[in-house]
Asker: 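Once you've had a glance at the structure underneath, I'll fire off some questions.
Excluded from the calculations below are hydrogen atoms, water molecules and symmetry mates; all remaining heavy atoms, backbone and side chain alike, are included. Index from 1, following the sequence. Being a predicted model, the structure only gives us computed values, none of them experimental.
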Amino acid sequence: MYAIVADVERYPQFVPWCTGTRILRREPAGSGEVIWAEMRIGYKALRERYTSRAELDPIDHRIDVTQTEGPFRRLENHWHFTPLEQGCRVDFSLVFEFRNRILGQVAAAVLGPVMSRMTHAFEHRAKHLSEKALKKL
């Protein structure tokens, strides 16, 4: 799961409303790396773009993301992956506040279904990649 979340370039293939990504810069950091990525999101007529900084730590199984430029006054998400005998446990937290109050109210109204759909997208991606790997064996 860590590798799926860290693979930002592939988000447009499976993350709902992600219309494009572009890695702007990568730097080594400790046992992992820091990447700056531009994300494009779209839903119907709404189109936004933002840049984020992601700290990837494969040893501690953590990914910490903050927006550096874009429509949010604040955007942070934190992922922590705990390996289990069969799979892993994923802890995810998201804090966001739009600069535009109206957009924030609209987002708050649909946040539950949006988060559920995004969670299912990551789960589906993990299942798809696992099945693909098993077929190669």
Asker: Would you say Phe92 and Phe122 make side-chain contact, with heavy atoms under 4.5 Å?
Answerer: no

Asker: Considering non-hydrogen atoms only, spot the tightest contact between Cys88 and Pro83 and give its length.
Answerer: CB-CA, 4.0 Å

Asker: Has the side chain of Gln67 got a donor or acceptor atom that lies under 3.5 Å from a matching backbone atom of Leu75?
Answerer: no

Asker: What is the distance from atom CZ of Arg25 to atom CZ of Arg53, rounded to the nearest 0.5 Å?
Answerer: 8.5 Å

Asker: Once the angle between the rings of Phe96 and Phe72 is folded into 0 to 90°, is it parallel (under 30°), tilted (30 to 60°) or perpendicular (over 60°)?
Answerer: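 Correct class here is perpendicular.
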
Asker: Taking atom CG of Leu84 and atom CD of Gln86, what is their separation to the nearest 0.5 Å?
Answerer: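 CD of Gln86 is found 9.5 Å from CG of Leu84.
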
Asker: Thr51 side chain to Thr68 main-chain N or O, any donor-acceptor pair under 3.5 Å?
Answerer: no

Asker: Of the non-hydrogen atoms in Gly32 and Pro58, which two are nearest, and what is the gap between them?
Answerer: CA-CD, 3.6 Å

Asker: Are any of the side-chain heavy atoms of Arg49 and Glu38 separated by less than 4.5 Å?
Answerer: yes

Asker: From Ile35 CD1 over to Glu55 CD, what is the distance, rounded to the nearest 0.5 angstrom?
Answerer: 11.0 Å

Asker: Just so I know, are the side chains of Arg117 and Trp17 near enough to count as touching, which here means a heavy-atom distance under 4.5 Å?
Answerer: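 Yes; the side chains approach each other to less than 4.5 Å.
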
Asker: Could you check whether atom CD of Glu69 has more than 12 heavy atoms from other residues, nucleotides or ligands sitting under 6.0 Å from it?
Answerer: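 Open: at most 12 neighbouring heavy atoms sit under 6.0 Å from CD of Glu69.
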
Asker: Quick check against the 3.5 Å criterion: does Tyr2 have a side-chain atom that pairs as donor or acceptor with the backbone of Ile59?
Answerer: no

Asker: Does Thr19 offer a backbone N or O that forms a donor-acceptor pair with the side chain of Tyr11 under 3.5 Å?
Answerer: no

Asker: Has the side chain of Thr21 got a donor or acceptor atom that lies under 3.5 Å from a matching backbone atom of Val8?
Answerer: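 Side chain of Thr21 to backbone of Val8, a donor-acceptor pair under 3.5 Å: yes, one is there.
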
